[in-house]
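Let me begin by presenting the structure, written as structure tokens, before commenting on it.
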Amino acid sequence: MATPFTGEGERRKGSVELRALAARRLRPVADRGAPGKVNRPLLATLGELGLLSRVVPLTGPVRAQDLCLLRESLAYACTEAETALALQGLGAHPVVAHGTRAQRARWLPEVAAGRAVAAFALSEPGAGSDAAALELRAEPTGAGGAARAGGAAASGWRLHGEKRWISNAPQADVYTVFARTGPGSRAAGVTAFLVPADRPGLGGEPLEMLGPHPVGTLTFDGVPVGPGDVVGEVGRGFRLAMATLDLFRPSVGAFAVGMARSALDASVAHAEERRAFGGPLKDLQAVSHLLAEMATRTEAAALLVQAAAAAYDAGEPGVAARSAMAKLFATETAQYVVDSAVQIHGARALAHGHLLEHLYREVRAPRIYEGASEVQRTIIAKELFRAAGAGASP
Ligand SMILES: Cc1cc2nc3c(=O)[nH]c(=O)nc-3n(C[C@H](O)[C@H](O)[C@H](O)COP(=O)(O)OP(=O)(O)OC[C@H]3O[C@@H](n4cnc5c(N)ncnc54)[C@H](O)[C@@H]3O)c2cc1C
């Protein structure tokens with residue numbers, strides 16, 4: 001197929017190499033892991049291969065296009081490796097972008113080597129899509145602490161409350177935690193803290209989910225944090241969370257595209273091999289047209305993801321809408337493609353251990369996390385009206 005972007009040939013070559021590497025080095029380690037458990041040998045292998053340091057760089061920013069290339073390619077061959085890599089990037093990104101020298105020195109080399117597990121703790125039982133409703137309290141400590149509820153001058157805080165649906169929790173080694181230092185309601189007054197897992201008062205439970213990656217709760221019973229644990233500035237944590245999601249949203253789309261490509265290729269092979277009514281399935285027009293539709297939508301999703309990532313890297317305006325479009329379209333497309341692939345494969349796709357049974361479980365969550373599809377539509381619509389007001393298209 002034609003290569004519409006500059007450097008596209010190079011990108012596709014990189015993707016083929018990454019897929020092969022994932023199949024050879026990562027797939028066997030992933031297969032030895034257990035569902036719902038952090039796979040530390042898999043993280044160590046991702047570290048040894050130098051893949052984690054591309055999403056957790058010790059210096060310089062993360063490039064969205066590279067993050068998307070990695071996520072799409074790994075997802076094609078090994079979703080477990082893809083997700084392990086993405087979660088290290090998500091959990092550590094606030095420190096990569098805004099960490100102090102001490103925070104960076106303590107954690108980034110460990111996370112990039114796959115020796116320490118990172119997590120991003122924003123969601124709460126009462127604050128999912130409406131993340132600005134978060135209630136985890138950071139109560140000031142020290143003399144006159146309560147009077148300094150503004151937080152800026154506090155000598156420290158104690159965290160009280162709960163986080164829920166946190167990937168890698170409670171097995172991670174370090175959490176970026178968003179808490180309310182106040183004053184101000186909603187997005188104002190939220191601060192990001194870097195909380196090591198061994199802080200007193202920090203607990204949590206694993207949650208059993210449809211997909212295989214680890215997710216759990218975190219409970220904070222007076223967990224002590226100090227000024228040295230603040231990531232970025234006191235009271236500006238919500239912006240930091242949203243900036244992290246701006247980078248990761250297109251890459252969730254890339255994860256979806258990788259799964260869609262994998263399901264599509266399996267379906268093409270199956271339609272060539274499987275015989276019914278005296279010939280291969282591909283001779284049935286209903287099947288070949290379905291494959292054509294799956295391929296077309298997957299290609300469109302891939303192009304939207306790439307355009308959003310390129311716009312992010314170039315610092316172009318309108319990135320929020322582009323990222324939202326990429327995530328929305330790619331995750332909805334992957335759901336359609338994986339479901340269609342199951343249909344083409346028939347019963348065998350639903351047998352435990354089949355690639356499509358695995359993808360069918362994996363493909364559902366990305367339409368919910370990092371902003372459900374409905375939330376992405378709201379972002380896109382807001383940008384449309386904002387741009388219309390400013391006399392430009394997004
Ligand atoms: C596998 C998995 C991993 C996750 N990992 C993390 C993590 O690492 N860190 C973290 O902080 N969180 C994580 N989450 C949580 C995730 O971000 C939330 O689930 C998500 O933000 C949605 O919140 P909710 O589940 O509470 O749904 P709700 O906010 O209750 O929304 C439910 C539904 O209501 C509808 N809806 C909500 N708002 C709107 C709106 N404005 N307009 C129209 N419809 C709307 C949508 O259909 C939505 O799906 C994870 C979730 C999953 C499933």
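For ligands, and for the atoms within them, numbers begin at 1 and follow the listed sequence. In what follows, every heavy atom counts, from backbone to side chain, and hydrogens, waters and symmetry copies are set aside.
- Counting only N and O atoms by type, the side chains of Tyr76 and Asp265 include a donor and acceptor under 3.5 Å apart.
- Remark: atom 34 (O) of ligand 1 lies closer than 4.0 Å to no protein heavy atom.
- At the top of the distance list for atom 20 (C) of ligand 1, counting protein heavy atoms only, stands Ile368 O, 3.6 Å.
- Looking only at heavy atoms of the protein, atom 49 (O) of ligand 1 is closest to Ala372 CB, 3.5 Å.
- Checked by atom type, the side-chain pair Glu205/Thr217 shows no donor-acceptor distance below 3.5 Å.
- In terms of polar-atom proximity, defined here as any N/O pair under 3.5 Å, His213 makes no such contact with ligand 1.
- For atom 16 (C) of ligand 1, a protein non-hydrogen atom is found at a distance below 4.0 Å.
- For atom 12 (N) of ligand 1, the closest non-hydrogen atom on the protein side is Ser123 OG, 2.7 Å.
- Val231 and Phe193 make their closest contact through CG2-C, 4.1 Å (heavy atoms, listed as atom of the first residue, atom of the second, distance).
- Listed by number with element, the atoms of ligand 1 under 4.0 Å from a non-hydrogen atom of Glu370 are 17 (O).
- In terms of N/O distances under 3.5 Å, ligand 1 is not approached by Leu90.
- Listed by chain and number, the residues in a side-chain contact (heavy atoms from CB on, under 4.5 Å) with Ala254 are Cys68, Arg71, Glu72, Val305 (sequence neighbours excluded).
- The 12-atom threshold is exceeded at CD of Glu293, counting heavy atoms of other residues, nucleotides or ligands nearer than 6.0 Å.
- Polar contact with ligand 1: present for Trp165 (N/O pair, distance under 3.5 Å).
- Between Ser167 and ligand 1, at least one N/O pair is under 3.5 Å apart.
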Derivation of the side chain to side chain donor-acceptor pair (under 3.5 Å) call for Glu162 and Thr219 = CA-CA 5 Å; Glu162 190 184 341; Thr219 50; over 6 Å; no
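- Look at Arg164 and you'll find every heavy atom at least 4.0 Å from all atoms of ligand 1.
- Atom 2 (C) of ligand 1 has as its closest protein heavy atom Tyr369 CD2, 3.6 Å.
- In this structure, the protein non-hydrogen atom closest to atom 26 (O) of ligand 1 is Gly128 CA, 3.4 Å.
- Taking the centre of each ring, Phe120 and Phe178 come in below the 6.0 Å mark.
- Residues Arg40 and Asp173 are paired through a salt bridge, judged by an N-O separation under 4.0 Å between the basic side chain and the carboxylate.
- Polar contact with ligand 1: present for Ser129 (N/O pair, distance under 3.5 Å).
- Scanning the protein for heavy atoms near atom 40 (C) of ligand 1, the closest one is Val375 CG2, 4.3 Å.
- Looking only at protein heavy atoms, the nearest one to atom 53 (C) of ligand 1 is Met209 CE, 4.1 Å.
- For atom 30 (O) of ligand 1, the nearest protein heavy atom is 4.0 Å or more away.
- Annotation for Arg27: atom CZ counts as buried by contact number, over 12 foreign heavy atoms lying within 6.0 Å.
- The aromatic ring centroids of Trp165 and Tyr369 lie 6.0 Å or more from each other.
- There is a side-chain donor-acceptor pair under 3.5 Å between Glu357 and His352.
- The protein non-hydrogen atom at the shortest distance from atom 44 (N) of ligand 1 is Glu374 CB, 3.2 Å.
- Considering backbone and side-chain N/O atoms, Gly371 never comes within less than 3.5 Å of an N/O atom of ligand 1.
- No more than 12 heavy atoms of other residues, nucleotides or ligands lie within 6.0 Å of CZ in Arg239, so this atom counts as exposed by the packing criterion.
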